[in-house]
Amino acid sequence: MHSSVSIEKLADYVGKDVVLRGWLYNRRDSKGLSFLVVRDGSGIVQCVAAEDSLDAESWQAVSSVTQESSLEVRGTVRLDDRQVGGVELTVTGLRMISAASEYPISPKAHGVEFLMNQRHLWLRSRRQWAIMRIRNRIIMSIHQLFQEQGFLQMDAPILTGNAVEGTSTLFELDYFDEKAYLTQSGQLYGEAMAMAFGKIYTFGPTFRAEKSKTRRHLTEFWMIEPEMAFYDLDMNMQLAEDLIVRIARDVVRDCATELQVLDRDMEQLRKITGPFPRLSYDDAVALLRSDETRAKFDKREAEAVAERESLELEREQNRARYGQAKKGEKRRIDAREIEINARLDEIEEELRNLPAWRESALNFEWGGDFGGSDETVLTWHFDQPIIVHRFPASIKAFYMKRDPEDDRLALGMDVLAPEGYGEIVGGGERATDLEFLERQVAAHGLPEEVFQWYFDLRRYGSVPHSGFGLGLERTITWICKLPHLREAIPFPRLMGRLNP
RNA sequence: UCCUCGGUAGCUCAAUGGUAGAGCAUGCGGCUGUUAACCGCAGGGUUGUAGGUUCAAAUCCUACCCGGGGAGCCA
């Protein structure tokens, strides 16, 4: 096959003749003139085909390509300010490679369930294109930062023999008549690898069998877990901050088109420069219970009510002029009504939730773990991610080091993303003392035998060390400002969703 | 598991207990610069399932199934 040019690179070929290969994304026709919107995975471009400047065979092909048919198009690249990439193609020849039968996803509004059933095709659409390209950019930023800093990438096992380390529900499976589980974290293995290689990170899938039906949960997600020998809690927090700053910087620099497709406000991302505010758990509890938090709730409720009123008014006005409207106008009013109704549903839900959230935040008791809403409320006060550290030991994993200043506290830390996206990082400094760990395992009712290899890490040259886990999809969701995690991964696995 | 909202044409949604509609998609026709193109015509329905109330049910009641997002849990 002779070579073709990718749409992404078309701006370098202005005035030249090129060959593109791709799929028809959408088309608009007039008599003797067709506007073919072609995508090739790298980008999207409008190709203009005129009957009077094409051979009969090409014009026949132009007339018959349907949405998502594959095609090869030959043409001249022209600058055109009106177009998305700043260029369009004047078609000089077109060949259909394979005709697509009626494509289920029309370039119109669709519901979540329908689109999820068509996920294998949905990935072809513009918005998903933007998200997956940003996902790729974020993954590369993570590897680049760690590699530049001398970390070794190595992965923890996905199959594990024991359901330890806490209370979350794991997927159980049969491993040659033995019980096995899908990993919920590579944490303990990461510690072993850090004692062997100094600084390591894992990058792999993680599984949770919780029956969570929310926009923040998947049953299978990707987690990045660095683990570093000779790192204390402060160094750990700094690394997490550097990583997130790096991700935001790279995406803003390299993915402007993608962010534009997603209608993402770049200014919000440009603010992610560090240093991130660091709040102790004590500070965070005080902030939750503060008058400032009360004021944020008042403001938010007032805004929701005001927006509801203005939307309801707009809907009334639209309905009033619907009768006299022309057909095209009616269509726009219908589309807008759907938008308004969807937004009103969201507002209703928010107004239903806010009282409970307010109750939870303002009456928060020291010693409890933050709920999803409490995390969101904390982030209302800042426009960068925040780091909360030094939690009550009772709500953190058994392997966390205690705060030497206050034995009630564990040296854990969470990074909470702004704009209500919540926890994207969880980690901390690990306990180094063998006897302490043995007591912890007993106190948590965990089987001592299976931790012997882990205890060896303390028997043979125990050192201060730290690490954390970064949730890839949660990070993507926040960076892209998506309404739901499910769009941040090609084939999401959720409760009740195993296909496609 | 609990709470809450929903299920109407292929898709997105309308429809005071009283003849189920619109837009998109599809088919046909028109239009030489369209941007979710536009204009005209046509086909397209066991209103999630099973019962019940009623002269009459998409609409009211009961049970179940499926989906949304919230709680719990967490990345």
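Everything numeric in this text was worked out from a predicted model, so none of it was measured. Lettering follows sequence order; numbering is per chain, from 1. Just the heavy atoms: all of them, side chains too, but no hydrogens, waters or symmetry mates, feed the values below.
The CZ atom of A:Phe468 sits 19 Å away from the P atom of B:C74 (whole-angstrom rounding). Straight-line distance from the CD atom of A:Gln46 to the P atom of B:U34: 10 Å, rounded to whole Å. Atom NZ in A:Lys31 sits roughly 6 Å away from atom P in B:U32 (whole-Å rounding). Atom pair A:Leu243:CG and B:A75:P shows a separation of 16 Å (rounding to whole Å applied). One atom, CZ of A:Arg82, and another, P of B:A36, lie 14 Å apart when rounded to the nearest Å. One atom, NZ of A:Lys213, and another, P of B:C73, lie 19 Å apart when rounded to the nearest Å. Rounded to an integer number of Å, the gap from CD of A:Glu423 to P of B:G72 is 13 Å. In this structure, A:Phe391 atom CZ and B:C74 atom P are separated by 11 Å, rounded to whole Å.
Side chains of A:Asp242 and A:Gln238: a donor-acceptor N/O pair is present below 3.5 angstrom, by distance only. If you check the side chains of A:Ser141 and A:Arg137, you find a donor sitting under 3.5 Å from an acceptor. With no hydrogens or angles considered, no side-chain donor-acceptor pair links A:Gln83 and A:Arg78 at under 3.5 Å. Checking A:Gln46 against A:Arg82 by side-chain atom types alone, no donor-acceptor pair falls below 3.5 Å.
Separation of the C1' atoms belonging to B:A22 and B:C60 is 27 Å when rounded to the nearest angstrom. With both ends at atom C1', the span from B:U8 to B:C41 equals 25 Å, rounded to whole Å. When the P atom is used for both B:U59 and B:U46, the distance is 16 Å, rounded to whole Å. Using atom C1' as the reference point in both B:G48 and B:G6, the two lie 11 Å apart (nearest Å). As rounded to the nearest Å, B:U47 and B:A20 have P atoms that lie 10 Å from one another. A gap of 24 Å separates the P atoms of B:G45 and B:G40, to the nearest Å. Across B:G18 and B:C31, the matching C1' atoms stand 44 Å from one another, rounded to whole Å. A gap of 39 Å separates the C1' atoms of B:G72 and B:A57, to the nearest Å.
For A:Asp80, the listed nucleotide lying nearest its side chain is B:G33; candidates were B:A75, B:G33, B:A71. Each of B:A36, B:A75, B:G33 was ranked by its minimum atom distance to the side chain of A:Met223; first place goes to B:A75. For A:Ser106, whose side chain is taken as the heavy atoms from C-beta onward, the closest listed nucleotide among B:U4, B:G33, B:A25 is B:A25. If you check B:U34, B:A75, B:C11 against the side chain of A:Glu88, the one that comes closest is B:U34.
Partner assigned to B:U1 is B:A71, using Watson-Crick or G-U wobble distances below 3.5 angstrom. Across all strands shown, B:C24 forms a Watson-Crick or G-U wobble pair, both distances under 3.5 Å, with B:G10. Within the shown strands, B:U49 is the pairing partner of B:A63 under the Watson-Crick or G-U definition, both distances less than 3.5 Å. For B:C31, there is no paired base (Watson-Crick or G-U wobble, both distances below 3.5 Å).
OP1 or OP2 of B:G69 lies within a sub-4.0 Å distance of a side-chain N or O belonging to A:Arg486. Contact between the side-chain N/O atoms of A:His217 and the OP1/OP2 oxygens of B:A75 is not found at any separation under 4.0 Å. Neither OP1 nor OP2 of B:A36 sits under 4.0 Å from any side-chain N or O of A:Arg27. OP1 or OP2 of B:G70 lies within a sub-4.0 Å distance of a side-chain N or O belonging to A:Arg215.
Contact annotation for A:Gly496: backbone-only contact, meaning every heavy-atom pair under 4.0 Å involves sugar-phosphate atoms and none involves a base. Base contact: A:Leu485 has a heavy atom under 4.0 Å from a base atom. Backbone-only engagement by A:Asp369 is indicated by non-hydrogen atom pairs under 4.0 Å involving sugar-phosphate atoms exclusively. No contact: A:Glu225 has no heavy atom under 4.0 Å from any strand. Residue-level contact check: A:Asp52 touches the bases, meaning some heavy atom is under 4.0 Å from a base atom. Counting any heavy atom pair closer than 4.0 Å across all strands shown, A:Ile105 reaches no nucleic acid atom. A:Asn117 comes within 4.0 angstrom of no nucleic acid atom, judged by non-hydrogen atoms across all strands. A:Gln67 comes within 4.0 angstrom of nothing in the nucleic acid, heavy atoms only. A:Arg216 comes within 4.0 angstrom of a nucleotide base, judged by non-hydrogen atoms across all strands. Note on A:Val425: only backbone sugar-phosphate atoms sit closer than 4.0 angstrom, heavy atoms only; bases stay farther off. Within 4.0 Å (heavy atoms only), A:Ser373 reaches sugar-phosphate atoms of the nucleic acid but no base atom.
At a cut-off of 3.5 angstrom, the base of B:G7 holds no donor-acceptor pair with the side chain of A:Glu113. Taking only distance into account, the side chain of A:Arg474 meets the base of B:C74 through a donor-acceptor pair shorter than 3.5 Å. Scanning atom types as modelled, no donor and acceptor separated by under 3.5 angstrom connect the side chain of A:Ser212 and the base of B:C74.
Annotation: side chain of A:Thr219 is not in contact with side chain of A:Arg497 (no heavy-atom distance under 4.5 Å).
Residues A:Glu473 and A:Arg486 are not paired through a salt bridge, judged by the lack of any N-O separation under 4.0 Å between the basic side chain and the carboxylate. Between A:Glu487 and A:Arg127 a salt bridge is recorded (basic side-chain N to carboxylate O distance below 4.0 Å).
Looking at which nucleotide of RNA chain B each of A:Phe35 and A:Gly111 is closest to, the 5′-most match is held by A:Gly111. Each of A:Phe114 and A:Glu473 has a nearest nucleotide on RNA chain B; the 5'-most of these lies closest to A:Phe114.
The aromatic ring of A:Phe221 stacks onto the base of B:A75, its centre lying under 5.5 Å from the centre of the six-membered base ring with the two planes under 30° apart.
Of all heavy-atom pairs between A:Phe221 and A:Arg208, the closest is CE2-CG, 3.7 Å.
Atom CG of A:Asn363 has more than 12 heavy atoms from other residues, nucleotides or ligands within 6.0 Å.
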